[in-house]
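What's counted below: heavy atoms across the whole structure, side chains too, no hydrogens, waters or symmetry copies. In what follows, chains carry the letters A, B, and so on, assigned in the order in which the sequence lines appear, proteins first and then strands, with residues in each chain numbered from 1.
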Protein chains: 2
Amino acid sequence: MRGATLQSIATAAGVHRSTAARALDPGQSHRISPEVVERVRAEAQRQGYRRDAIAASLRTGRSRLVGVVVPDLANPVFAPILDGIGAQLSSEGYSMLVADGGPDAAAQAAIVEELIARRVDGLVLATATRDDPVLTICLNAGVPTVLVNRREDELRASSIVTDDLAGMFLAVEHLIELGHHRIGHLAGPVDFSTGVLRRKGFEDAMRTAGLAADAVVVTTEYSRPAGRSATASLLDRWPDVTAIAASNDLLALGAIQELKVRGLSCPADLSIVGHNDMPLMDMVAPPLTTVQIGLAEMGEQAARHLLDHISGSSLKPAVLQVRPQFVLRDSTAMASK
Amino acid sequence: MRGATLQSIATAAGVHRSTAARALDPGQSHRISPEVVERVRAEAQRQGYRRDAIAASLRTGRSRLVGVVVPDLANPVFAPILDGIGAQLSSEGYSMLVADGGPDAAAQAAIVEELIARRVDGLVLATATRDDPVLTICLNAGVPTVLVNRREDELRASSIVTDDLAGMFLAVEHLIELGHHRIGHLAGPVDFSTGVLRRKGFEDAMRTAGLAADAVVVTTEYSRPAGRSATASLLDRWPDVTAIAASNDLLALGAIQELKVRGLSCPADLSIVGHNDMPLMDMVAPPLTTVQIGLAEMGEQAARHLLDHISGSSLKPAVLQVRPQFVLRDSTAMASK
DNA sequence: GATGTTTATGCGATCGATTGCACGTTGTCA
DNA sequence: TGACAACGTGCAATCGATCGCATAAACATC
């Protein structure tokens, strides 16, 4: 049954293929007489016709396809983001081309080139660094692009992010309220906006409270192993910290693992706050106190915003901030001393 | 710079566009004189030419696009599967069109129709029921399709699954070795192959050990709430069970939650075994003893197999089983009585 | 009834890459 | 030297839907 074409149903219905096209297009069918519309529809139904999106794209120049690039598909943090993007896109008749760009820019660039060759109408990058060469490619190619979760320093493209400063502020305030005053920070990579902004949030919050913000270890990736080794450095260097604010849940999980290895327990010996509230963070041991950044919502908004960019001519790049929310669970406790 | 076309570089290089096409195709360039090839390549480079995949697809009928349908993108179990599929596909120059079909067949059918209209070269369904109407659509459309994680009863399409019987056997054997003889089972939905096969695995293992396999509660979806309420029913009806073999990790997590609510603890009061070994199952409380089913590997194999189907003429449908592996963690303990 | 307007439909170019066929040139062999 | 093969390129049809323009018929207006 491969091959019911517009031509074939037009012939069968005794009309020209352009007439058939109009009859089947809900936006145009009113220009065609009802009986012809009915005849064409019936014939299309009978032959099981489906419009060939490829051919349509070639002619119109639009593919109704959006490319989404993530740095690591296996990381559970992206599932809700993709979910949000996908939901929003499909409600508008768009589909999502998901690609794992990996951690390095060269591979990401190749992937993006591939997506552009496939004539995507727009791109969502969850991979952005603070000065992202991949974004340059997208912009040069004239493809509407939005960033999600991370942003650039410059405002070259719209970004949908959480308020990283405010989020980390919430986390640190909580620890301070619990009586901690020697607090360490596991900072994210310096080339990610989340890394530096959350670190700044940490420092601001500490200073505001009149506390020293020196116990900081910078990681080079958001992962559990990175969290473990960073925590090891932190504890070796500042053995007196009683709490850790991590800039990411995976780092926090790594920290918890390191504590366990050292025979320390969380939260009895050290309090730990994560960031992002990834799926399952309520079930880990101990259930992680963290900052929820609205992953699915960011995805939705990114998609919606991208669609606006695609249709609405030239919107100014903007930064949309989703409000972070503190989530109290069991990985934090009163300072004992 | 939008619009370096084959024609434009051909003109600039002083050749016909068909010659340019051949010069740029590694498989054809040997038929063209080296100097022309060089000239065309240089010009293509200079103009930043990218072949328009859409136009090529229209002509050739192949899109190098594979549709992947999952029932719930937000479920972390699919992240590794998508990762495996994506890795394999991109290594062969294919891209992945990911769609969330939702739980019901009608919506899935609509999504699949959409994917077919986009002329995907093949489809991976992670949504299959034991007699799947959506697969019928794919087959009727003549689109190569493989099932991943779940299979049909009939062998209409190739499936890449784990050995569900064997996997559950491992789980139950483990519990029995720990001295449990009153073991309950949280069965998956009856219309999923995983639901019935794992249940059968449970029953077989119990009977093999001469134990009664009557303490079974059937769920209607794989989710934590479903696990909680199923566990509630199970404990109400068979208060003497000392262990539960769940047919899915999320069900197991739900069970743990229900225990907690009842003031029981895992594994002290009840042992629980999950299934799938989703991401983070090593970090939940307690770290979940489960059966690892090779999610990423299934994804990879599914993609590889699909590509074979796409290129290699007509392979017979087959069931490929990835071997499950028992993972011992802390949610199981010796039976106390 | 002549002119203007609306309505329904047909016509054909177009998007850009691919590919079977044809043509001219050069080289080979008897 | 004539017949034929091999090679490098050009030519033009093709994939299927879309859409501006043309046209014919129907209808309205004075």
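- Taking 4.0 angstrom as the limit, B:Thr5 places none of its side-chain polar atoms (N or O) nearer than this to OP1 or OP2 of C:dC15.
- What separates CZ of A:Arg39 from C1' of C:dA8 is a distance of 12 Å, to the nearest Å.
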Checklist entry - Once each nucleotide of nucleotides 18-24 of chain D is scored for protein heavy atoms under 4.0 Å, what B/S/- sequence comes out, 5' to 3'? => result BBB----

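- Heavy-atom minimum distance, A:Ala105 versus A:Pro133: CB-CG, 3.9 Å.
- Rounding to whole angstrom units, CZ of residue B:Arg119 and C1' of D:dA17 are separated by 11 Å.
- In this structure, A:Gln28 places its CD atom where more than 12 heavy-atom neighbours from other residues, nucleotides or ligands lie under 6.0 Å away.
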Next on the checklist: Using side-chain hydrogen bond (donor to acceptor under 3.5 Å, both in side chains), reason through A:Ser63 and A:Tyr94 one step at a time and then give a plain yes or no.
Outcome noted: CA-CA 8 Å; A:Ser63 61; A:Tyr94 279 73; over 6 Å; no

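- Distance CZ (A:Arg118) to P (C:dG16): 18 Å, rounded to an integer number of Å.
- Note: CZ (B:Arg31) to P (D:dG10) measures 14 Å, nearest angstrom.
- Of the two residues near DNA chain D, B:Glu35 and A:Gln7, the one whose nearest nucleotide lies more 5' is B:Glu35.
- One can place CG of A:Leu58 at 6 Å from C1' of C:dG16, the figure rounded to the nearest angstrom.
- One can place CG of B:Asp52 at 18 Å from P of D:dC15, the figure rounded to the nearest angstrom.
- Rounded to whole angstrom, the span from the CD atom of B:Gln47 across to the C1' atom of C:dG16 amounts to 14 Å.
- Across the protein-nucleic acid pair, B:Arg50 atom CZ and C:dA17 atom C1' stand 15 Å apart, rounded to whole Å.
- Taking every heavy atom of both residues into account, A:Ser159 and A:Arg150 meet most closely at CB-O, 4.3 Å.
- Between A:Asp153 and A:Arg130, at least one side-chain N (NZ, or NE/NH1/NH2) sits under 4.0 Å from a carboxylate O, which counts as a salt bridge.
- Across B:Arg39 and B:Val15, no two heavy atoms sit closer than the pair NH1-CG1, 4.4 Å.
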